[in-house]
Amino acid sequence: MNVFSQLISDIGNLLQTYGPQYLRGIGSTLGLALSATLIGCVIGFICGILNTIPYSKNDSGVKKFFLKLIRVIVRIYVEVFRGTPMMLQAVFIYFGLPYFSGGTMRFDSIWAAALLVVSVNTGAYMAESVRGGIISVDPGQTEGAKAIGMTHFQTMVNVVFPQALRNIMPQIGNNFIINIKDTSVMFIIGFTEFFAVHKAAVGATYLYFPSATIEMIGYLTMTLIASFILRWLEKKLDGDNSYELAADDQLVMAAGTYNHPGTPFKEQNREFDEKRGR
């Protein structure tokens, strides 16, 4: 019990001294994660749509060449940023540009550099998710849209994309939660987020485990709240389920279930009337 009492006491001292810094770090983490996820989704949607533009043997050679080139570029982008750690990506982008340009190209804002790194990394993962979401939509709907004269862009925006969005919504939420945690590596370029505050507090007080406990609780709280909100959004996208399915075929029952005006005859379907309690 003495150990736990000491832990609680150390956590209380850290919060009293560094509480505002921890809160600012949480705000920076959430702001970066949310902004990067939204931008990454846009990048992923663009890459996913470009990667699924169809072409046939009858298309011109120029069109087929450019579509194949786009797919190769998207493939390289996805493989590079999915296959390397985000920490090294931050190092290469933030320190690599000045290194290769002799200092002429550099980031004046660490926030902009961190946002670029996390957004591009998220876009690489979202590109494959969007491609899978588009492919998951029934091809018959695309064929039907083309049959009524819709272009590929109109088909994507009005028919395919709304359904694909629902299919990839869990992956969007998953990337947001991952970004909440992975933004902790941005301390490597000097970005002050939640984990960077932890390192500063530990360097001044040497209370590594109590500060790590605060970090653990903070990250767990952020991810649990994010999961709850995302599940609520998924239910909203599913729509209202308070409806009744039609148990009878209305076309089959169209004859023999109505009173013709102006005649003494009443056409009836006895089985239909029994179901309705007549």
Side-chain angles (χ1 to χ4, degrees), residues 35-101 104-105 107 112-176 178-179 182 185 237:
S35 302
T37 302
L38 292 176
I39 297 174
C41 286
V42 174
I43 296 173
F45 290 146
I46 294 173
C47 292
I49 292 173
L50 291 176
N51 209 19
T52 55
I53 296 177
Y55 61 87
S56 62
K57 296 181 179 180
N58 298 326
D59 291 330
S60 64
V62 176
K63 179 181 178 180
K64 290 190 288 186
F65 170 78
F66 277 105
L67 288 179
K68 290 180 179 180
L69 179 62
I70 288 173
R71 293 185 181 183
V72 170
I73 293 173
V74 171
R75 191 78 234 163
I76 293 174
Y77 158 65
V78 170
E79 294 300 332
V80 168
F81 281 90
R82 286 199 314 174
T84 55
M86 189 187 296
M87 181 181 292
L88 292 181
Q89 294 168 15
V91 171
F92 269 75
I93 291 176
Y94 187 74
F95 297 109
L97 288 178
Y99 182 85
F100 286 105
S101 64
T104 57
M105 296 177 61
F107 287 94
L115 181 62
L116 175 63
V117 173
V118 182
S119 298
V120 173
N121 183 274
T122 304
Y125 285 92
M126 284 304 306
E128 286 299 290
S129 299
V130 172
R131 186 179 70 87
I134 292 174
I135 294 175
S136 68
V137 177
D138 186 359
Q141 301 195 33
T142 302
E143 296 172 0
K146 291 181 179 179
I148 61 175
M150 296 179 69
T151 64
H152 178 74
F153 179 79
Q154 291 173 328
T155 302
M156 283 292 170
V157 173
N158 299 300
V159 179
V160 177
F161 180 72
Q163 300 177 71
L165 179 61
R166 176 60 188 88
N167 294 337
I168 65 178
M169 191 65 188
Q171 185 60 32
I172 294 175
N174 187 48
N175 283 330
F176 176 57
I178 290 174
N179 284 340
D182 285 357
V185 304
L237 288 176

Straight-line distance of [X] [atom1] to [Y] [atom2], nearest 0.5 Å:
X: L97; Y: S101; atom1: CG; atom2: OG; value: 6.5 Å
X: T142; Y: M156; atom1: OG1; atom2: CE; value: 6.0 Å
X: E143; Y: T155; atom1: CD; atom2: OG1; value: 11.0 Å
X: F92; Y: F100; atom1: CZ; atom2: CZ; value: 7.5 Å

Sequence neighbours excluded, every pair satisfying salt bridge (Lys or Arg N to Asp or Glu O under 4.0 Å) that has a member inside residues 153-172:
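Only R166-D238 qualify under salt bridge (Lys or Arg N to Asp or Glu O under 4.0 Å).
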
Salt bridge (Lys or Arg N to Asp or Glu O under 4.0 Å): pairs with one or both residues in residues 149-162, sequence neighbours excluded:
none

Residues passing the salt bridge (charged side-chain N to carboxylate O under 4.0 Å, His left out) test with K68, sequence neighbours excluded, are none

By salt bridge (charged side-chain N to carboxylate O under 4.0 Å, His left out), which residues pair with R71, not counting sequence neighbours?
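Residues passing salt bridge (charged side-chain N to carboxylate O under 4.0 Å, His left out) with R71: none at all.
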
Are side-chain heavy atoms of [X] and [Y] found at a separation under 4.5 Å?
X: V160; Y: Q141; value: no
X: M86; Y: V118; value: yes
X: V159; Y: V137; value: no
X: I49; Y: I134; value: yes

Taking only residues two or more places apart in sequence, or in another chain, which ones meet F45 in a ring pair (Phe, Tyr, Trp, His ring centres under 6.0 Å)?
F161

Considering only residues two or more places apart or on different chains, which pairs with a residue in residues 83-93 satisfy side-chain hydrogen bond (donor to acceptor under 3.5 Å, both in side chains)?
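For residues 83-93, and leaving out neighbouring residues, the side-chain hydrogen bond (donor to acceptor under 3.5 Å, both in side chains) pairs sorted by first residue read T84-Q89, Q89-N121.
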
Which residue pairs satisfy the side-chain hydrogen bond (donor to acceptor under 3.5 Å, both in side chains) criterion with at least one member in residues 127-138, sequence neighbours excluded?
R75-E128, E128-R131, S136-N167

Side chains of residues 35-42: which donor-acceptor pairs under 3.5 Å do they make with residues two or more places apart or in other chains?
from	atom 1	to	atom 2	distance (Å)
S35	OG	G31	O	2.8
T37	OG1	A33	O	2.6
T37	OG1	N179	ND2	3.0

Contact list for residues 61-80, test ring pair (Phe, Tyr, Trp, His ring centres under 6.0 Å), sequence neighbours left out
Y77-F81

Quick one: do I178 and T122 satisfy side-chain contact (heavy atoms from CB on, under 4.5 Å)? Show the steps, please.
CA-CA 9 Å; I178 290 174; T122 304; over 6 Å; no

Residues in side chain to side chain contact (heavy atoms under 4.5 Å, CB included) with [X], at least two apart?
X: V74; answer: C47, N51, I70, V78
X: L67; answer: I53, Y55, K63
X: L116; answer: I93, F107, V120

